[in-house]
Amino acid sequence: MYDLKVPQSEISRQYEYAEKIRALSSGRKYTVVTLGCQMNVRDSETLEGWLKRCGFVPAQNREDADIIIYNTCCVRENAENKALGNVIWLKELKKDKPGLIIGVCGCMMQEEGISGQLKEKYPFIDLVFGTHNAYMFPEYLYRVIASSERVFEVWDIKGYVPEGLPAVRNSRINAFVNIMYGCNNFCSYCIVPYVRGRERSRDPEDILAECRSLKAAGFKEIMLLGQNVNSYMGGGTAFADLLKRVNDIGIERIRFMTSHPKDITRELIECFGTCEHLMPALHLPVQAGNNEILKRMNRSYTNEKYLETVSHLRKVRPDIGLTSDIIVGFPGETRQQFEDTLRLVRHVRFDSAYTFIYSPRKGTPAAKYDDPVSIEEKTAWIEELIALQQCITSEALSGQIGSIQNVLVENVSSRSALTVGGKTPRGLMVNFEGDGSLIGKTVKVKITAAGKNTLKGTMEE
Ligand code: SAH
Ligand code: SF4
Ligand code: F3S
């Protein structure tokens, strides 16, 4: 028995509550709005799974819904403002539809005092729960529906691992599979460890069983998910070993995220040479290029160590595509230190990078550091970084012109039924002429042109 698991009896109880809700009424409509990262996307799939079990069906739009759930993020201030702005807008909707159930969950609910504030200030919110007790959703919803109670429950615990929950997957081609929850790294700017709790890994057998059933259901690509997958340690199995076992299942494509540069092992890098289903793509957030800043971020690696990892990866897999996250304007960062980031970006040549202006998060160490640089200056810096990265991205894309790529077709374009889109092994998006019958197939595509962020091509016969 894996000692971190939520007891199965507790999960069964939730299925019973879902049945009770279904018996009360079925055919009501739901909308789940997801903000934030892949973790939240995956959590929302579980919420949708529960809602389906409860007899709800997807609504066409928010106006049409009988229940709206907001799954929030709080990693930066603008994510929080977006969540609050959205929720306040619902007040108007509820005026026209008093029976509408409004629920708010996710990372922001784990912040100190938030749940209490929402309860007091926004009487139109019916349900609030956090990240640690999300598996209790049917029970809470039952209380809201059956006794018209307002339920506000957020747990401040280390967190357990719930297994056997339902899910409505967003795609039938790519699936997210959680391998661990939480984070122990406490980067000095980051709120995630406070709202997601300490690291806990799923039992490898549960992960493998999920991957096998996804393969049997026809999924072609699996993304293994965790805040820091490199420190996965489920039942004594390290991440590289788990990856090899997932590879042996024979799912066409495997990817994983996110990797912390400090924990990348030689064994893991070597998987890129030995695991035939592991795609040559890695998201490796560097955050900054200057050692003093990295130290104050509590990232535990240096610029030199990062570059060494990159060169090792490229030795093992010369065609690997690297992507990254970068923070601009960490408290006290000088222009010179920021230039080290520009230098690193020029050197590594990421395929793409997510760039953020530092956003102070209450309760994190960096929020107390001196931050003399103005927001105007930080904005000018980030624009410079974005322009540089755009140049590098364009060159990386143009470099693909003339090559023939294996593209896994994922969708039909929203603009034309005769255009489909998919990814190369390296993770670059390609659009080409084709129809819906190609979805889920891997086809050879000759790359003919490069746009700003995507490629164009023609299918080879
Ligand atoms: N666990 C992942 C990602 C976590 S959040 C990792 O360690 O890479 C995603 C990204 O948000 C981070 O990589 C970081 O670049 C950014 N981020 C986190 N906290 C931030 C803050 N306070 N201000 C600005 N960006 C932040
Ligand atoms: Fe945040 Fe750092 Fe953990 Fe990533 S590794 S979630 S940036 S504390
Ligand atoms: Fe946001 Fe939570 Fe992800 S804070 S970035 S949704 S882990």
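Order of appearance sets the numbers: ligands from 1, and atoms from 1 within every ligand. Note that this is a predicted model, so its numbers are computed, not measured.
Ring centroid separation for the pair F137 and Y17 does not come in under the 6.0 Å cut-off. Centroid-to-centroid, the aromatic rings of H260 and Y301 come within less than 6.0 Å.
Within 6.0 Å of CD in E304 there are more than 12 heavy atoms belonging to other residues, nucleotides or ligands. No more than 12 heavy atoms of other residues, nucleotides or ligands sit less than 6.0 Å from atom CD of E77. By the neighbour-count criterion of 12 heavy atoms within 6.0 Å, atom CZ of R13 is densely surrounded, having more than that number from other residues, nucleotides or ligands.
Near P285, with a cut-off below 4.0 Å to any heavy atom, the atoms of ligand 1 are 8 (O). Applying the 4.0 Å criterion to heavy atoms of R299 picks out, from ligand 2, the atoms 2 (Fe), 7 (S). Counting the atoms of ligand 1 from 1 in the order shown, those under 4.0 Å from a heavy atom of Q227 are 1 (N), 2 (C), 3 (C), 4 (C). Per-residue contacts place V75 under 4.0 angstrom from the following atoms of ligand 1 (heavy atoms of the residue considered): 5 (S), 18 (C), 19 (N), 20 (C), 21 (C), 22 (N). Against a heavy-atom cut-off of under 4.0 Å, R76 is close to the following atoms of ligand 1: 11 (O), 16 (C), 17 (N), 23 (N), 24 (C), 25 (N), 26 (C). Every atom of ligand 1 is numbered from 1 in the order shown, and the set under 4.0 Å from a heavy atom of I357 is 24 (C). Of all atoms in ligand 1, numbered sequentially from 1 with element shown, those under 4.0 Å from a heavy atom of Y358 are 23 (N), 24 (C). Within the listing of ligand 1, atoms 12 (C), 13 (O), 14 (C), 15 (O) sit less than 4.0 angstrom from a heavy atom of Q287. Residue-ligand proximity, D325 to ligand 1, at heavy-atom distances under 4.0 Å covers atoms 9 (C), 10 (C), 12 (C), 13 (O), 15 (O).
Neighbours of atom 3 (Fe) of ligand 2 restricted to protein N, O or S atoms under 2.8 Å: the count is 1.
Residues satisfying the ring-ring contact (aromatic ring centres under 6.0 Å, His included) criterion with F338, sequence neighbours excluded, are W381.
At a 4.0 Å cut-off, not a single heavy atom of V192 sits close enough to ligand 1 to count as contact. Look at R361 and you'll find a heavy atom under 4.0 Å from some atom of ligand 1. No heavy atom of I191 sits closer than 4.0 Å to any atom of ligand 1. For the ligand labelled ligand 1, residue N228 lies outside the 4.0 Å heavy-atom shell.
Protein N/O/S atoms found under 2.8 Å from atom 3 (Fe) of ligand 3, listed by chain and residue number: C37 SG.
Judged by a 6.0 Å distance limit and a 45° cone about the ring axis, R76 is positioned over the six-membered ring of F356.
Protein heavy atom in closest approach to atom 22 (N) of ligand 1: S359 O, 2.8 Å. The nearest heavy-atom contact from the protein to atom 7 (S) of ligand 2 is Y189 OH, 3.4 Å.
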Practice problem: Start with the C-alpha gap between E384 and R335, add the side-chain angles, then the distance that decides, and say whether salt bridge (Lys or Arg N to Asp or Glu O under 4.0 Å) holds. | Solution: CA-CA 12 Å; E384 198 176 334; R335 170 73 207 182; 2.9 Å; yes
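For residues 352-370, the set of pairs meeting the side chain to side chain donor-acceptor pair (under 3.5 Å) definition, not counting sequence neighbours, comprises E80-R361.
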